[in-house]
Amino acid sequence: MTPSEIERLAFDSDAVSAWARGSEHRRNWPVVYVLDSGDATNGASVYVGETVNAASRMRQHLASPEKAGFRSVRVVIDETFNKSACLDLEAHLIRWLAGDGAFTVMNGNEGIVDAQYYERDLYREGFAEVFEQLRAEGIFQRSIPEIENSDLFKLSPFKVLTPEQAIAVEDIVDGLLEDLATGAASTSVIEGHPGTGKTIVAIFLMKTPRLGATQVVTPFDVGESDDSWDVLIVDETHRLNQRANQSSGINNKRFTAINERLFGVDDPAKTQLDWIRARSAHQIYLLDAEQTVRPADLPQAALRELVARAQASHRRYPLTTQMRVRAGADYVAFVRALVRGEVAPGSRPDLGDYELRLFDDLGEVQREILQRNAEHGLARLVAGYAWEWKSNANKDAFDIELDGVQLRWNGTTKDWINSRASFDEVGSIHTVQGYDLNYAGVIIGPDLRFDPATRRLFIDRESYRDKKGKENNKQLGIVYSDDDLLAFIRNIYGVLLTHGMRGTFVYVCDPTLRAYVASALGPAGRG
């Protein structure tokens, strides 16, 4: 591909008229352009567009009151551009600008399907060159890796939607508009494994102008509010609580008070799911039943009933395209089968350039993670809850001591992955859900073990240190068996093993479980 050229001019009638008299590419060629209102440090705005007649489009923008604040325009011209390539570059620039955060992006967020076209990969290599030219001129402040590692980028409404995400959004919005007009209630379910973009769909729905103003509330906020909602979008539905001993005595009292307020009596069978149904006419649930990790989470039966209800009304939307893990959906399926004990020796799928490696020494894992963090950012150690959190009370204590390595649990539970101390700490399941990593170093503790005779996984209850994770439910009279806890612990490791976008490095404490994992990964999976 030939290098792209960027032509800069003032955004006024005289400058545009003079510029238009030059090369025919300015009047009859597919191009991408960027309008900006000035210095990014002073709250400036930016708009990105594509056209086959840049001169005519600039005149249209000059006549628009909405574009009156822009001061300059940069036009990206390339001899090899076609309409598809320009649409793709436009989408990339919008997402990068939104993730960079220096400018306010004035484009709408209608969403763009990630379409294939001839030599797309080759064109996208050139997009990085365009980015660097624009960065040199102050349009971007950070590098592409820095932008793509940011929450602004990952949770941006300017995401490229997969075809199945686009279908879900379109169907849900159309159905909601019909239901709102007729007064009919509705339940929709968006179901998918980690990394399939459930939250992206939720954010896009929240930003859809036709749905009106949005709020972000907790289940307790919903239950305690005097208001009702037309629509509630529930992210991580599987983490809603049933009646159980809450994390604090105050929340136990709140649970009781909300039940009495909404239903007239404190019925222990009522869950936070019931609160949401009572306070809204339409619900959109995003869930993955294999991410329930604590007894207080909604029971599997409630999740299955929710999915069946949506299926019966043709409102269930399964997402299968893997957007997080570069190895794709096969990797997620493999890992989940692995923690169920269902993987045969040597059955590791082709993972391309994804790094899935098993290590015998924790020090090597730590060194690899630190190196990857220096190279790519967002590389962290995480582990199952198989060690006491001693450092919570004694800052000088170490929590995990293996192979001569001394480590501490996460020093904060809020936004741990982005905290400065996280480089030298180990995160638990409660710090990872909802976040992406480039590389995850996963420590599988002695809480999960393997019986080579029966080829079954089992747990060591004493080694599982999450008190809330194995607490019996006195309110509902439920006693959790080892098989019940095994389901939660398998889900925990299933989540930890699917958060590395570029790679996952695994360390296993139990020797027989390590041998099982090693046989499944084969020689190529040894660290």
Side-chain angles (χ1 to χ4, degrees), residues 239 241 244-249 251-252 291-297 339 359-363 365-366 369 380-417 419-433 435 437 440-450 457-474 479-497 499 505-514:
R239 298 305 308 275
N241 277 192
N245 188 23
Q246 297 294 305
S247 57
S248 69
N251 281 344
N252 282 323
Q291 290 194 56
T292 55
V293 296
R294 273 185 169 180
D297 293 345
V339 297
F359 289 78
D360 294 325
D361 182 83
L362 184 57
V365 179
Q366 185 183 37
I369 287 296
R380 302 288 186 272
L381 284 173
V382 296
Y385 210 151
W387 293 270
E388 291 285 356
W389 192 7
K390 300 174 185 175
S391 61
N392 189 38
N394 179 5
K395 300 302 180 184
D396 295 325
F398 290 99
D399 304 303
I400 302 172
E401 299 189 49
L402 295 167
D403 300 336
V405 177
Q406 296 178 311
L407 297 167
R408 294 186 177 95
W409 280 120
N410 45 278
T412 180
T413 56
K414 184 178 181 180
D415 197 27
W416 169 76
I417 282 174
S419 68
R420 186 175 299 275
S422 64
F423 307 150
D424 301 313
E425 296 176 339
V426 180
S428 73
I429 182 65
H430 307 302
T431 65
V432 171
Q433 282 186 305
Y435 287 88
L437 294 170
V442 181
I443 305 171
I444 300 180
D447 52 340
L448 188 63
R449 298 176 182 262
F450 182 75
L457 294 170
F458 65 98
I459 65 161
D460 180 345
R461 183 183 282 260
E462 181 61 29
S463 294
Y464 185 44
R465 303 294 182 155
D466 188 346
K467 295 178 181 178
K468 291 292 182 185
K470 58 183 178 182
E471 185 176 60
N472 292 328
N473 192 321
K474 295 179 181 179
V479 176
Y480 291 99
S481 67
D482 283 1
D483 284 342
D484 294 326
L485 294 186
L486 175 60
F488 292 127
I489 293 171
R490 283 191 309 210
N491 286 354
I492 287 169
Y493 286 115
V495 171
L496 296 179
L497 290 164
H499 269 68
F505 304 146
V506 186
Y507 178 90
V508 183
C509 290
D510 177 55
T512 54
L513 180 60
R514 186 186 308 159

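A salt bridge links Arg239 with Asp297: the distance from a Lys NZ or Arg NE/NH1/NH2 to an Asp or Glu carboxylate oxygen falls below 4.0 Å.
What you find for Ala383 and Trp387 is that their closest heavy atoms are CB-CZ3, 4.1 Å. Closest approach of Gln291 and Asn491 over heavy atoms only: N-ND2, 4.2 Å. Closest heavy-atom contact between Ala397 and Lys390: CB-CB, 4.0 Å. The shortest heavy-atom contact between Asp399 and Ser391 is OD2-OG, 2.6 Å. The shortest non-hydrogen separation linking Leu513 to Asp510 is N-OD2, 2.9 Å. What you find for Gly441 and Val365 is that their closest heavy atoms are CA-CG1, 4.2 Å.
Expressed to the nearest 0.5 Å, how far CD1 of Ile443 lies from CD of Gln366 amounts to 8.5 Å. Annotation: the span from Asn410 atom CG to Thr431 atom OG1 amounts to 4.5 Å, rounded to 0.5 Å. One distance of note links OG1 of Thr412 with CZ of Arg420; it measures 14.5 Å at 0.5 Å rounding. The distance from atom CZ of Phe505 to atom CG of Leu362, rounded to the nearest 0.5 Å, is 13.0 Å. Here CG of Leu496 is found 8.5 Å from CD1 of Ile444. Values are rounded to the nearest 0.5 Å. Between atom NZ of residue Lys470 and atom OG of residue Ser481 there is a gap of 14.0 Å, rounded to the nearest 0.5 Å.
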Exercise for the section: Please report the C-alpha distance between Trp409 and Ile400 in whole Å, then the side-chain angles of each, then the deciding distance to 0.1 Å, and finally whether the side chain to side chain contact (heavy atoms under 4.5 Å, CB included) criterion is met. Expected result: CA-CA 8 Å; Trp409 280 120; Ile400 302 172; 4.3 Å; yes
Practice task
Run the numbers on Arg461 and Leu485 for side chain to side chain contact (heavy atoms under 4.5 Å, CB included), then give the verdict.
Solution key: CA-CA 8 Å; Arg461 183 183 282 260; Leu485 294 186; 3.4 Å; yes
Practice task
Decide yes or no on side chain to side chain contact (heavy atoms under 4.5 Å, CB included) for Ile459 and Asp447, but give the supporting numbers first.
Solution key: CA-CA 5 Å; Ile459 65 161; Asp447 52 340; 5.8 Å; no
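Side-chain polar atoms of Tyr464 and Asp482 form no donor-acceptor pair below 3.5 angstrom.
Residue-environment remark: NZ (Lys468) exceeds the threshold of 12 foreign heavy atoms within 6.0 Å. Gln406 CD: more than 12 foreign heavy atoms inside a 6.0 Å radius.
Taking Arg294 as the reference, Asp466 meet the salt bridge (Lys or Arg N to Asp or Glu O under 4.0 Å) condition, with sequence neighbours excluded. In this structure Asp403 satisfies the salt bridge (Lys or Arg N to Asp or Glu O under 4.0 Å) test with no other residue, sequence neighbours excluded. Residues meeting the salt bridge (Lys or Arg N to Asp or Glu O under 4.0 Å) test with Glu401, sequence neighbours left out: none.
You'll find the side chain of Arg380 reaches within 4.5 Å of the side chain of Phe423, heavy atoms only.
The cationic group of Arg514 does not satisfy the cation-pi geometry with Phe359, failing either the under 6.0 Å distance to the six-membered ring centre or the 45° limit from the ring axis.
Remark: the backbone N or O of Lys474 is not paired with any side-chain donor or acceptor of Asn472 at under 3.5 angstrom. The closest donor-acceptor contact from the side chain of Asn251 to the backbone of Gln246 lies at 3.5 Å or more, if one exists at all. With hydrogens and angles ignored, the 3.5 Å screen pairs no side-chain donor or acceptor of Trp416 with any backbone N or O of His430. A donor-acceptor pair under 3.5 Å is formed between the side chain of Thr512 and the backbone N or O of Phe450.
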